[in-house]
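So the structure is just underneath, and the comments pick up after that.
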Amino acid sequence: MIPIIKFVVRNSNYVSWSSSSVTANGAKVLWPSTLTVSFCTNNNDSEKKPSVKKTSKAMKAYLERARKHEEFIKKENLEYQIGKRHLANMMGEDPEFFTQEDVNKAIEYLFPSGLFEPKARPFMKPPEEVYPPQKAAEFDEAGRPYHFLFYTGKANFYKLLYEVVENINNLNKYEDRMIRKHLTPDPTQAMSMIGSQWLPQDVLEHRLVEPLHESQYAAFKLAFDRLVSHPYSYRVRDFIEEYRKPLVNQVALQQIPEPQYDENGRPYVTTTNCLRKRSWAEVTVRGAGSGKISINGQGLDYFAEIQSREQILFPLIMTKQLKNVDVEAKVIGGGPSGQAGAIRWGIAFCLRSFVDKEMIEQMRLAGLLTRDYRKPERKKPGQAGKRKKFTWKKR
Amino acid sequence: MLTRYKFLLTVTRNNYFLRQLSLESPNVFAKPESRCRTVEDNPLNHNLEHEGRFYVVPPAVCNQLFRFGGIPKGYEVQAKTFDETCLMIRKPALEVINMMKVADYSRPIVKYVLFGERGAGKSLTLAHILHYALNSGHLIIHVPWVPDWMKKCKDHTRSETREGFRDTPLDSAAWLAHFKTQNQHLLSQTDLTVTSNYTWSKREETRSGSPLVELVDLGINRIKYASNIIVALASEVKALSSSGRCKTLVAIDGFNCFYNKRTMIKDENWKIVPPFQLTVTEAFINLVNYNWTNGSVVLTADRLVWSGNERGESDLPLYQLGKEAFELLDPFIPVHVPCYSEKEFHSCMDYYMERSWIQNENGNTEEGRSELMYLSTMNPYQLMKICGPL
């Protein structure tokens, strides 16, 4: 169960709530408020004569469901707005300018949670984000479906596949014409798939308002891959890009510290809190060096194992900085491999300030900049170790 | 300073002479002179000019000196693979050899203690010094690795002559055979004779004036008396040296093991026998005592003799020897055996390349070498280990 926080206050004087509903966006109507727009408002009914056509039972049931849902969302929305104002007052802020970001901060402050999974922590969000959207009515009053693919069960999804195939057929025809004219596709306009990816399954499901099976998502990707591989795919660029999501440049997101300068004018960067397993390290990398490595005042022979030494050298060799920098590390806790891992991460993090962006991206791909959050498993009561049991003796 | 200069002069002259010789009658074992190699295989002529280079120990010498141990196992395997026993001429060995050359032998013995971290080359330095001692006509008393007697003792019995002592007959006889092999050329000389009478049993005795080799042979054939014969041999060698009939080198690898608290030997009552209750211990402690002349003592103080991480903090002689041994040996000359210098490291790598030991194509590049340098931290043993699978 997800805890949802509501602030329900009755008879409050200062509630300002606008009842205007969200407008629809045509055929692919997603949000419940839209269904009121599509059809069957009370006005429409009143204008009609006593109808000869009977409303089907399915329609009636649907209308009832839609009405209830709308009412429910209205109520939730009202409670949310009131709760938000309360929260603003509790936090001493202006309720009129209290944004969702402020709400999140306030909840985190008022209900501190030690739970690891962010989804399991307390939150307060508009009901539209919490409750899944419902589809608009897909059939008329006589119970006749609007959509020609209604009986597939996933009309929007199969419609999308139809569109893809239609595009491919059109492009094939176009290609035939071009061949007859002895023309070739323009290489400068060719589609590039670098820097973006197909919409993830959950986003696609949200957009189509239909749950998808894994195989269906695979079919979606396959169909689009085929379309993209067509030599004239750039003619339907807009359609394709609707279903692609740009990748975020991870390296650009990180803030790389500027090196400081010591009394000798040598640049240096210090990374504290380098953690791995049960080890803690503080690593300083100095530029304009000669390749000296000191770990707790000792050389690399601080580590008896070759593997630990390899761990330390890996970032330095990869960035070709082995002979250009000096490394000073202080490390405590844990065992040799944990200590080596902590220092390796520290060195890699410091080295970002001494190498170019391409190298940083390479380091990221090599996994050098990724913190390893795994911790040693705890010992369990009633057994010898984390997994090991006491010797079993019959009596 | 002047003596040193003169010494260097003679050495260079000898060196030149030897090279001429080798040109006329080329030694089949000698490989051409290169950056990592020298044809000079006589330690008498080694000097700083040869420092950091390898020389081939002639197989005959190897057979004589190291047939029963003296070269660490790992290095021996590598030498077998390379089909030659090569030793690197390093500063600590040159230092000891030079000091042995200039020492005043009318004075009480000079003691040298080699110390350094694990795998730095103490035993191989000792091997080089042994080769020098052989070529310079020393009588050699060499213990390849003392802990072998304490940890892997093959057989032990209660001593019949000494109360509370234990004999190690098999190991003692094996060592006497080792002694005989190493000194076979000297023992045949007639002037090495026993100076006092020993009665082993009603029928077996060693009269004064009989050859020393007879005493040794008795120990090898009648292993019951081997441990006591080692004690006798020690005092005989001291007497012979002091009287000037021979010059002696005592070389003991892992000497601090004699001062361990315990051994792996247990007596009839399952009580652990400490090293000072072994008969052989007495002989070798007697040999490093100051009260004789015309000899040198080279010892190593090694942390490997201790079990586990005992005495793991420091490699310095005071710490490794302990108070008792330190006071016995004092005054001595400590000789530090460091890890490879950069020059020695590259020489070693050149040697490996020459022997086609490193097949990895990156092994000879600058990056590859620097990586190996860091990984091994220039420790000779670890370098050997890392280069094995390359």
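Side chains are part of it too, since the values below use all heavy atoms of this structure and drop only hydrogens, waters and symmetry mates. Residue numbering restarts at 1 for every chain, and letters A, B, ... go by the order of the sequence lines.
Shown here is A:Arg371, whose CZ atom has more than 12 heavy atoms of other residues, nucleotides or ligands within 6.0 Å. Within a 6.0 Å radius of CD in A:Glu117, other residues, nucleotides and ligands contribute more than 12 heavy atoms. At most 12 non-hydrogen atoms from other residues, nucleotides or ligands lie less than 6.0 angstrom from NZ of B:Lys323. Surrounding CZ of B:Arg118 are at most 12 heavy atoms belonging to other residues, nucleotides or ligands under 6.0 Å away. In A:Lys320, the NZ atom is not crowded: 12 or fewer heavy atoms of neighbouring residues, nucleotides or ligands sit closer than 6.0 Å. Remark: A:Glu377 CD is packed, more than 12 non-hydrogen atoms of other residues, nucleotides or ligands lying under 6.0 Å away. Atom CZ of A:Phe390 has more than 12 neighbouring heavy atoms from other residues, nucleotides or ligands inside a 6.0 Å radius. Around NZ of A:Lys389, the count of heavy atoms belonging to other residues, nucleotides or ligands within 6.0 Å exceeds 12.
Contacts of A:Ile293 with chain B are made by side-chain atoms alone, with heavy-atom separations under 4.5 Å and no backbone atom involved. Residue contact with chain B, scored on non-hydrogen atoms closer than 4.5 Å, involves the backbone and the side chain of A:Leu322 alike. For a residue to count as touching a neighbouring chain, one of its non-hydrogen atoms must lie under 4.5 Å from one of that chain's; by this rule A:Ile317 touches chain B with the side chain only.
Atoms CD and NZ, from B:Glu367 and A:Lys323 in turn, are 10.0 Å apart once rounded to the nearest 0.5 Å. Remark: A:Ile306 CD1 to B:Thr377 OG1 distance equals 7.5 Å, nearest 0.5 Å.
Residue A:Arg309 comes nearest to B:Leu375 through the heavy atom pair NH1-O, 2.6 Å, listed as atom of the first residue, atom of the second, then distance.
Put simply, the side chain of B:Tyr374 gets close to the backbone of A:Gly291: a donor and an acceptor are under 3.5 Å apart.
Residues of residues 378-390 of chain B that come within less than 4.5 angstrom of chain A, heavy atom to heavy atom, are B:Gln382, B:Ile386 in numerical order.
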